[in-house]
Amino acid sequence: MLIVAYDDAQILDIACPAGAFEIANAHRAAPAYTVEVATPGGRAARTSCGLRVGALRAVAEVPGRVDTLLVSGGAGSETAARDGALVAQVRRLARGARRVASVCTGTDVLAAAGLLDNRRVTTHWRYGRALAERHPAVAVDPTPLYVRDGHVFTSAGVVSGLDLALALVEDDHGPVLARAVARELVTWVHRPADQAQLSASFAAPPPRDRAVADLLRHVAGHLTDDLSPRALAARAGVSPRHLTRLFAAHLGVTPARAVRAARAEAAVHLLRASSLPLAAVARRCGFGSATVLRQALLDHYGATGDTLRRMRDTPTPREPPPRQASVP
């Protein structure tokens, strides 16, 4: 395993995968992982948080055969992608690698090397649109935590590098070892690749009622599930009538409107972070059709999808209707 680092890389993009492979070795991964960090000049890389990550050698000194080539992301990725010598070395190493991977904006370097052309990839949701504009031949989907397209793995921002590493461990050694590593790291066991990067959040402070707060977290992470009032009431162990009372008391809206607002907010993030058509955004955010999504955006933000996509700042949702009285 060769991890390519550079100045202003994100330290978690390096540490999360390296730590996962270390734990895999502690659980007797066979064959064991050997992790090495290489940098453009062979010197320690100053990460974006100020800490330095040592390197054993320069990328140009690495022999042409590595098992897994992983490029870290971070604030310095665009500069790294403009480094012709580094890009050429990454391209050289990729030719002999069993698989190629990136964390976060490490996709900048892989795309500059031509390694992502005609492939579906992901990256940090904030930078997906810029990557797609710079590299039209790359099919950028900023929604999933990680994507595998053939022997190329790409992942979303920062901590999703851990999800990617667990997927690589499972690919190499099976789900039992991957689950053992996840347990050791006290992390998810383990999040599916197509889980959304973004969870919708509410502008108001979290409600004090635990049942309502738990339901909002569930809604944010499961936008395409059945989130009808009846389904949410069953999950909370209350009647639909009592659920309506709780939402009215703590949020001032009905359960249906809260769900619609969460889906609309997620759609706004996805519209601004990707070039996906409105119908695809609607599906990923739990709307039945593009028409339903259009109406939700107009109701919650007073703007169309095209307008929201062009906005530089996060739009402010409209005020909900007046607080409703408790259901008798």
Side-chain angles (χ1 to χ4, degrees), residues 1-6 9-10 12-18 20-21 24 29 31 33-40 45 55-74 76-78 80-124 127-128 131-132 134-135 137-142 144-158 160-173 178 193:
M1 164 71 64
L2 178 71
I3 299 178
V4 176
Y6 43 80
Q10 165 58 248
L12 290 177
D13 289 6
I14 303 165
C16 282
F21 298 129
Y33 293 100
T34 301
V35 179
E36 178 181 343
V37 175
T39 60
L56 294 179
R57 51 186 164 178
V59 178
E61 296 172 352
V62 178
R65 186 70 181 175
V66 297
D67 180 79
T68 301
L69 172 67
L70 187 150
V71 179
S72 58
S77 62
E78 289 190 27
R82 292 194 295 268
D83 183 340
L86 173 62
V87 169
Q89 292 301 325
V90 167
R91 187 184 302 115
R92 172 184 67 85
L93 291 170
R95 283 197 293 266
R98 177 170 67 92
R99 63 188 172 197
V100 177
S102 65
V103 181
C104 194
T105 53
T107 47
D108 288 338
V109 178
L110 295 185
L115 301 173
L116 303 183
D117 287 357
N118 303 312
R119 293 188 184 275
R120 176 175 172 257
V121 308
T122 193
T123 189
H124 191 292
Y127 304 107
L131 178 67
R134 286 195 300 269
H135 302 279
V138 180
V140 181
D141 183 348
L145 289 174
Y146 60 90
V147 167
R148 177 179 187 173
D149 189 328
H151 73 294
V152 176
F153 293 73
T154 53
S155 69
V158 196
S160 66
L162 183 54
D163 298 286
L164 172 66
L166 290 171
L168 296 179
V169 171
E170 182 171 336
D171 191 51
D172 292 335
H173 302 290

Sequence neighbours excluded, which residues qualify as side chain to side chain donor-acceptor pair (under 3.5 Å) partners of [X]?
X      : answer
Thr39  : none
Asp171 : Arg99, Arg148
Arg95  : none
Ser102 : none

What are the two closest non-hydrogen atoms of [X] and [Y], and how far apart are they?
X      : Y      : answer
Ala80  : Val109 : CB-CG2, 3.9 Å
Ala156 : Thr122 : N-CG2, 3.9 Å
Ala165 : Pro17  : CB-CA, 3.8 Å
Pro142 : Gly128 : CB-CA, 4.4 Å
Ser77  : Thr105 : OG-OG1, 3.0 Å
Ala112 : Ala81  : CB-O, 3.7 Å

Within the structure provided, determine whether [X] and [Y] are in side-chain contact (heavy-atom separation under 4.5 Å).
X      : Y      : value
Phe153 : Val147 : no
Val100 : His151 : yes
Val4   : Leu69  : yes
Thr123 : Thr154 : no

task = Please identify each residue that fulfils ring-ring contact (aromatic ring centres under 6.0 Å, His included) with His173, with sequence neighbours left out.
result =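 Expected list: Tyr33.
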From [X] [atom1] over to [Y] [atom2], what is the distance, rounded to the nearest 0.5 angstrom?
X      : Y      : atom1 : atom2 : value
Leu131 : His124 : CG    : NE2   : 13.0 Å
Ile14  : Tyr6   : CD1   : OH    : 8.0 Å
Phe21  : Ile3   : CZ    : CD1   : 7.0 Å
Asp108 : Tyr127 : CG    : OH    : 10.0 Å
Leu116 : Thr107 : CG    : OG1   : 7.0 Å
Asp163 : Leu168 : CG    : CG    : 11.0 Å

task = Report the residues that fulfil salt bridge (Lys or Arg N to Asp or Glu O under 4.0 Å) with Glu36, sequence neighbours left out, ordered by chain and then residue number.
result =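 Only Arg57 meet the salt bridge (Lys or Arg N to Asp or Glu O under 4.0 Å) criterion with Glu36.
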key: For Leu164, the option from Ser155, Cys16, Cys104 that meets side chain to side chain contact (heavy atoms under 4.5 Å, CB included)   =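 By the side chain to side chain contact (heavy atoms under 4.5 Å, CB included) criterion, Leu164 pairs with just one of Ser155, Cys16, Cys104: Ser155.
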message = Just to verify, what does Val158 make a side chain to side chain contact (heavy atoms under 4.5 Å, CB included) with, not counting sequence neighbours?
response =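 Side chain to side chain contact (heavy atoms under 4.5 Å, CB included) list for Val158, sorted by chain: Gln10, Leu12, Asp13.
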ask   = Can you name the residues that form a side chain to side chain contact (heavy atoms under 4.5 Å, CB included) with Ala38, not counting sequence neighbours?
value =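 In terms of side chain to side chain contact (heavy atoms under 4.5 Å, CB included), with neighbours along the sequence ignored, Ala38 is linked to Leu2, Val59, Val62.
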For residues 84-91, which side-chain donor-acceptor pairs fall under 3.5 Å, sequence neighbours excluded?
{"from": "Gln89", "atom 1": "OE1", "to": "Arg92", "atom 2": "NE", "distance (Å)": "2.6"}
{"from": "Gln89", "atom 1": "OE1", "to": "Arg92", "atom 2": "NH2", "distance (Å)": "2.8"}
{"from": "Arg91", "atom 1": "NE", "to": "Ala113", "atom 2": "O", "distance (Å)": "3.1"}

request  = Could you go through the side-chain contact (heavy atoms from CB on, under 4.5 Å) check for Leu70 and Val103 one step at a time?
outcome  = CA-CA 8 Å; Leu70 187 150; Val103 181; 3.9 Å; yes
key: Residue pairs, two or more places apart or on separate chains, that pass salt bridge (Lys or Arg N to Asp or Glu O under 4.0 Å) and touch residues 59-68   =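 Output for this query lists Asp67-Arg98.
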query = Are Asp141 and Arg120 ion-paired here, with the side-chain N under 4.0 Å from a carboxylate O?
reply =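 Arg120 and Asp141: salt-bridged.
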